Amino acid sequence: MPEVSIIIPVYNVELYLRHCLDSVLAQTFRDIEAILVDDGSTDDSGKICDEYAEKDARFRVVHQENAGLSGARNTGIEKARGSYLYFLDSDDWVERDTVEKLYEGVAGSGGQYAVCGYYKEAKPRGYFSPQMRPEADNRLGNLLRYARKEFSYAVWNKLYRRSIVIENNLRFYEGEKYVEDHAFNLKYLLFCEKVSVIRAPLYHYRIREGQITAESPEKRLPTYIEDTKKLIEDFKSYGKYEEYKEVLAVHFAARFNEYIGGLAKDKFLCKPKSLLIKEIKNLYRETGFSKVLKHAPLIKKERLFLALLGQGNAGAIIGCYRLYALLRRVMSLWGKTKYCLREKIKDLVLYRSIWLKRNYLRYIQKDNDTNFLSDQSLKIGTKPRLFLIGTPEYENVGDHAIAVAEKQYLGKELADYSLIEVTENEAVLHLRELKKYIQSTDIILLQGGGNMGSEYPDQEMIRKHVIKAFPDNKTVVFPQSVFFSDKPINHFRKKEMRSYYSGHINLLLCARERRSYEIMLENFEECKIALMPDMAFRLQSAAKASKRNGVLICLRSDKESILSWDDKAKINCICRQRFNNVSESDTCIDYRVKKENREKILDQIVMRFRSSELVVTDRLHGMILAAVTETPCVAFSNSNHKIVESFEWIKGLGFVRLCDNLERLGDLISAALSCAAEYDRTAFDEYYDAITLFIRENSNGQN
């Protein structure tokens, strides 16, 4: 018999199902069975289930008439043979070691219930970890933790002991749309002594348009009330109601708080539904609101509501929320004036204040990051000096690729100069000290990238202060993209940027694509401006790969992404139909990259590109790394002009294609794969020569 049964309800998810099932196939814990419950799907989901059952004997398929999510899960419970149960939603996916780590959490510690962290796959992407405190390894403590949302209400990031479920006849409430997970977990925890917590994110929860969970709390409230009534009856049938009834009050308080917030936000003029309020009051009198007030972790709004409710003043809390919503509506009349005023204050206080960031960095780094100040190259020598300032220390490996390529370029073309690197954090922390070391004959080089303009004010702040600190030094801004959004505040930012860029008498601005070049000409007409490709186009890496296999999907989930989750699912589905091996990555990783390990981490990313048959991406440096590693690539645009404009540099490469219509993806993949993948790093050298000439010319303009 298998040790773990993975129960997967399936209903009309053909776009997402292969991704889900492939993540099950990839599990490092092999002693599993996967029960696919096709709940009356009308698309090709059932056929896909049968396909995977033929591929792997551990997959079992049950086709049934539509019974809803709860009905499908209950069918899975009946068919399961494993010692443990794991519920996986068919439009989500899991990490390779999810089952293994959850199993170790229960089997290794004698626990009966394991819970892990998860990623909320939405824009922006979120990471959620269980917030468990160690002092309550008992039933009441765990029930209250769950009721207070210290770990998620869902069942898909938890592992259950099957014997507890079967012996106590625990099932999901059928016919309900919102709360089936909540009720199942509360009932299970009545028989659970020990909970094991894995804080690592092992589950990927996909948020789709039209999902049930996206509906307003107001629509859910009647179901919450009915659910609580059923739970009261179940607790009584188990003989545990008197002992644990305050748990139900705490649980329902959190649900009701969502309803009140939604009511105040969307319909502040509507009258409270007196029948619902009456039922809510009855439920709290039944479960004992006075005990609930003793639980300190409840947030203030819930405690206030319960206090008022206990005194028969349920309408008072509704009135408070109505007043709050009315004030919000009145404040919104300020409109653009209010917004501009707020943004201007924030701009003055935060974005212009290098002092504020300096103190923040000293707090988190304890001011120990001073090694570069003792570098021997800071001392005046026989060689002229280059100061490369503002290199990254954050998670975006694409920007680190730029820094590596910049240093490679300087090491080759300006080898007779001494190069000193100053990271962005070092620049903020030690700008005053740098003024003592940097002479007027030294050359200032500022990091390139895609952060000039209004989108990334922190990086713009660093450039501003460096440019103003060294007004007499020859200064180069490596190739940048410039972007200004339509927010009213950007009128002020443009004006300020003109003052310090155009005010520098010896500054070269490099634009990395035509659109940014035009914006620079329009706004900084007094500066020297040159057009050249992103520095990463000339990147050289020591990473090698002997064999290519499968497709690498590298899609962003931040504010620059314009792909919906359905679009991403379609991309994933198309790739999985054509390739046996589909992996996902990103050029933005989950931890900070420092300059000491920059090249090692970059080589790891480059290796993934070199070992792939195809790359599908909407990241600029995903497209660039595919080009320099001679990997066939299909690139999608993002919210600004970075990718579309930068593609112009390599549009002659047949193995890199730009996709403006998802329906053409299959054809573009075929076209990219059919072309010879050859890349010439020297093709753009003539453009980069502008930097070399600018640096080498003397004050009289002679070389």
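Remember, predicted model here, so these are calculated numbers, not experimental data. Numbers for residues simply follow the sequence, beginning at 1.
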Across all chains, not counting sequence neighbours, the side chain to side chain donor-acceptor pair (under 3.5 Å) partners of Arg515 are none
How would you list all residue pairs meeting ring-ring contact (aromatic ring centres under 6.0 Å, His included) that involve residues 610-631, not counting sequence neighbours? none
Is there any salt bridge (charged side-chain N to carboxylate O under 4.0 Å, His left out) pair reaching into residues 614-627, and which pairs are they, with sequence neighbours excluded? Asp558-Arg619, Asp586-Arg619
Ring centres of Tyr118 and Trp156 under 6.0 Å apart? yes
With the side chain counted from C-beta on, respond yes when Ile571 and Leu665 share a heavy-atom pair under 4.5 Å apart, and no when they do not. yes
Do the side chains of Arg206 and Asp92 get close enough for a salt bridge, i.e. N-O under 4.0 angstrom? no
Could you point out which residue of Asp43, Val10, Leu17, Val13 forms a side-chain contact (heavy atoms from CB on, under 4.5 Å) with Ile48? Leu17
Taking the basic N atoms (NZ, or NE/NH1/NH2) and the acidic carboxylate oxygens, is any pair closer than 4.0 Å for Lys651 and Glu648? yes
Calculate, to the nearest 0.5 Å, the distance between atoms CD1 and CG belonging to Ile32 and Leu25 respectively. 8.0 Å
Please list, chain by chain and in numerical order, all residues satisfying side chain to side chain donor-acceptor pair (under 3.5 Å) with Asp660, sequence neighbours excluded. Arg664
With sequence neighbours left out, the residues meeting side chain to side chain contact (heavy atoms under 4.5 Å, CB included) with Arg681 are Gln540, Arg610, Val628, Tyr679
Could you give all pairs that pass the salt bridge (charged side-chain N to carboxylate O under 4.0 Å, His left out) test and reach residues 628-646, with sequence neighbours left out? Glu560-Lys642
Quick one: sort the Tyr160 and Phe87 rings into parallel, tilted or perpendicular, breaks at 30° and 60°. perpendicular
Do Glu393 and Lys595 pass the salt bridge (charged side-chain N to carboxylate O under 4.0 Å, His left out) test, and can you show the C-alpha distance, the side-chain angles, and the key distance before you say yes or no? CA-CA 7 Å; Glu393 286 190 302; Lys595 63 180 178 181; over 6 Å; no
Do other residues, nucleotides or ligands put more than 12 heavy atoms under 6.0 Å from Glu3 CD? yes
Under a 3.5 Å threshold, yes or no: a donor from one side chain and an acceptor from the other, between His63 and Asp38? yes
May I ask you to check whether Thr391 and Gln447 show a side-chain donor-acceptor distance below 3.5 Å? no
Can a side-chain donor-acceptor contact be found between Ser516 and Gln480 if the only test is distance below 3.5 angstrom? no
Ring centroids only, cut at 6.0 angstrom: are Tyr119 and Tyr203 within range, meaning strictly under it? no
Pairs touching residues 666-676 that satisfy side chain to side chain donor-acceptor pair (under 3.5 Å), sequence neighbours left out: Arg578-Ser670
Between Leu88 and Ile7, is any pair of side-chain heavy atoms under 4.5 Å apart? no
With rounding to the nearest 0.5 Å, note down the distance linking SG in Cys116 to CD1 in Ile198. 6.5 Å
Residue pairs passing the salt bridge (charged side-chain N to carboxylate O under 4.0 Å, His left out) test with at least one member in residues 67-88, sequence neighbours excluded, are Glu33-Arg81, Arg73-Asp89, Arg73-Asp181, Glu78-Arg171
Who are the salt bridge (Lys or Arg N to Asp or Glu O under 4.0 Å) partners of Asp31, not counting sequence neighbours? none
So with a 6.0 Å cut-off around CG of Asn169, is the heavy-atom count from everything else above 12? yes
Atom pair CG (Leu602) and CD1 (Ile402), whose distance is rounded to the nearest 0.5 Å: 11.0 Å
In short, ring-ring contact (aromatic ring centres under 6.0 Å, His included) pairs touching residues 6-53 with sequence neighbours left out are His19-Trp93, Phe29-Tyr103
Is the shortest side-chain heavy-atom distance between Cys192 and Leu189 below 4.5 Å? yes
Hey, is Lys101 close enough to Glu95 for a salt bridge, meaning N to O under 4.0 Å? no
Looking at residues at least two apart in the chain, or sitting in another chain, which of them share a side chain to side chain contact (heavy atoms under 4.5 Å, CB included) with Ala683? Asp680
For Leu15, all residues meeting side chain to side chain contact (heavy atoms under 4.5 Å, CB included), sequence neighbours excluded: Ala569, Lys570
